[in-house]
Amino acid sequence: MNKKKDIRALTKEQLRDVFIDNGDKAFRGNQVYEWLWSKSLYSFEDMTNISKETREMLEANFVINHIKVDSMQRSKDGTIKNGIKLHDGFIVESVLIPTPKRTTACVSSQVGCSLDCKFCATSRLKRMRNLNPDEIYDQVVAIDKQSRLYHNHKLSNIVFMGMGEPLMNYNNVIKSIEKITSSEGLGMSPKRITVSTSGVPKIIKKMADDEVKFNLAVSLHSAIDEVRTTIMPFNKNFPLKDLKESLEYWYEKTQRTITYEYIVWKGINDRKEDIQALIKFCSYVPCKVNLIEYNPIDDGEFQQASSSAINNYISNLEMHDITVNVRRSRGKDIDAACGQLANKS
Ligand code: SAH
């Protein structure tokens, strides 16, 4: 017996060929493509402008693998955390984060994560597999629906800050963004998309070569190799010198500012020299710093630094004309905050 193929793994041209080979018109392929992507339909039966015969042909040869919202929790602050079931049963998480002016989808790029950041709950899950482009796309579609339903407007922004390291699944992430930004997909602006990475220098350079149009955020957390390696052990293989060089390359090619994400922890990176190292790192390429509130993952090893330590960071950065934002955490009561996604699930 022939195993049915995942129809959304086909390009538009390949889909058109399916119809031509079947003695049908190529434009039938365009119609089905539209149902599959911009209309995000998950059943052949509901493709109302396609004849019954053709729908049966599709049904016999293809499947539409798609995600399902398996669980949904709403936080007091309006944040929604979704447990997303993939066609093979794995669960990833996607979050809707509302603010008065916008709604942001925080999407996953891998089942589990390939990295081992000590402060992140996802790192406790082994990386099981990469997400396919359609699985990333579907998360955005699901969150957009929730945005319209609960906040009366369409989704405005996307951040790749859910489970996984997007640059370790680069090809699929790029393909998903192509579909999300295409007029044949969701037609969103790449300026409203941010890919967040722990920093894989080779891929950062590749992104620059590929002239991607979305924003880049780097989870820095320390600008001192010894410190960064203790909290983000993969830093051993991708030291700050290589990261710096790749970011300079990125800026030279794209002229786009980089955002550094940074958490200040008690006794880890709250010293004067930590601040000085960050200021120096910020001098390499135009950037801004987001100081993120730490979300405990309940083993007590990491604790948010005192407000005076954080204020020290802010005043020193500002003294050097570095833009710094303090990011309050959202959805904490439902473990939907950064780095908490894998908690209790
Ligand atoms: N792998 C990517 C994207 C996923 S993590 C990356 O590293 O950027 C998304 C963001 O959440 C990163 O900035 C990460 O450093 C941060 N984060 C992880 N665990 C956290 C925690 N417990 N509290 C606050 N932020 C956390």
Side-chain angles (χ1 to χ4, degrees), residues 79 81 92-95 97 104-125 127 130-131 136 139 157-170 172-173 176-177 193-201 203-204 207 214-223 227-228 230-235 237-238 243 246-247 258-266 268-269 278 287-305 310 325-345:
T79 301
K81 172 164 112 163
V92 294
E93 283 168 321
S94 319
V95 183
I97 308 155
T104 301
C106 173
V107 299
S108 295
S109 55
Q110 296 180 315
V111 182
C113 189
S114 353
L115 304 181
D116 49 4
C117 304
K118 298 294 179 209
F119 49 85
C120 177
T122 308
S123 71
R124 296 172 180 166
L125 309 172
R127 188 203 77 101
N130 287 335
L131 295 195
I136 299 170
Q139 293 175 61
N157 295 69
I158 303 172
V159 292
F160 281 75
M161 292 190 191
M163 292 176 161
E165 169 48 51
L167 299 201
M168 296 284 197
N169 183 18
Y170 181 70
N172 290 350
V173 164
S176 74
I177 294 176
I193 300 176
T194 300
V195 169
S196 175
T197 176
S198 291
V200 189
I203 311 288
I204 291 175
M207 277 167 47
F214 49 78
N215 304 301
L216 175 63
V218 175
S219 303
L220 191 61
H221 304 312
S222 173
V227 178
R228 196 166 192 259
T230 54
I231 55 180
M232 303 168 82
F234 75 94
N235 185 70
N237 305 327
F238 305 122
L243 180 60
S246 70
L247 295 173
I258 293 155
T259 302
Y260 295 128
E261 290 154 282
Y262 202 101
I263 305 172
V264 189
W265 289 285
K266 198 179 273 174
I268 293 180
N269 58 356
L278 176 59
C287 62
K288 61 178 191 193
V289 175
N290 280 350
L291 289 181
I292 317 176
E293 190 181 349
Y294 176 56
N295 302 306
I297 56 167
D298 68 37
D299 53 11
E301 196 189 332
F302 288 89
Q303 281 164 43
Q304 167 99 30
I310 294 169
N325 297 306
V326 179
R327 289 267 178 258
R328 288 293 318 281
S329 181
R330 308 290 307 273
K332 270 208 234 184
D333 52 333
I334 53 166
D335 277 337
C338 280
Q340 283 188 318
L341 290 179
N343 263 4
K344 301 188 192 115
S345 67

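Indexing begins at 1, ligand by ligand and atom by atom, following the structure's order. Position 1 is the first residue of the sequence, and the numbers go up from there.
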- If you look at every heavy atom in Ile136 and Ser176, which pair is closest and at what distance? CG2-OG, 3.4 Å
- Heavy-atom nearest neighbour of atom 1 (N) of ligand 1 within options Met168, Gln110, Glu165: Glu165
- Task: Identify the heavy atoms of Trp265 and His221 that sit nearest to each other, and give their distance.
- Result: CZ3-CB, 4.0 Å
- Message: Using heavy atoms and a 4.0 Å limit, tell me yes or no: is Met163 in contact with ligand 1?
- Response: no
- Counting heavy atoms only, which of Gln304, Glu261, His221 is nearest atom 15 (O) of ligand 1? His221
- Item | Minimum heavy-atom distance between Ile263 and Asn269, given as atom pair plus value | O-ND2, 2.8 Å
- Task: Over all heavy atoms of both residues, which pair between Ser198 and Cys117 is shortest? Give the atoms and the distance, please.
- Result: OG-SG, 4.1 Å
- Considering only heavy atoms, does Phe302 approach ligand 1 within less than 4.0 Å through its side chain, its backbone, both, or neither? neither
- Any heavy atom of Ile263 under 4.0 Å from ligand 1? The part involved is side chain
- Counting heavy atoms only, name the option from Ser219, Gly162, Pro296 that's nearest to atom 13 (O) of ligand 1. Ser219
- Query: With sequence neighbours excluded, what pairs up with Ile193 under the side chain to side chain contact (heavy atoms under 4.5 Å, CB included) test?
  - Reply: Ile158, Phe160, Ile177, Ile180, Thr181, Phe214
- Query: Which is it for Glu165 and Ser109 under the side chain to side chain donor-acceptor pair (under 3.5 Å) test, yes or no, and what are the steps along the way?
  - Reply: CA-CA 7 Å; Glu165 169 48 51; Ser109 55; over 6 Å; no
- Considering only heavy atoms of Glu293, which atoms of ligand 1 have at least one such atom less than 4.0 Å away? 24 (C)
- Query: Do any nitrogen or oxygen atoms of Gly164 lie less than 3.5 angstrom from nitrogen or oxygen atoms of ligand 1?
  - Reply: yes
- Verify, without hydrogens or angle tests, whether Thr259 (side chain) and Ala217 (backbone) share a donor-acceptor contact under 3.5 angstrom. no
- Message: Could you tell me, atom by atom, which parts of ligand 1 come under 4.0 Å of a heavy atom of Cys120?
- Response: 18 (C), 19 (N)
- Task: Could you list which atoms of ligand 1 come closer than 4.0 Å to a heavy atom of Phe160?
- Result: 3 (C)
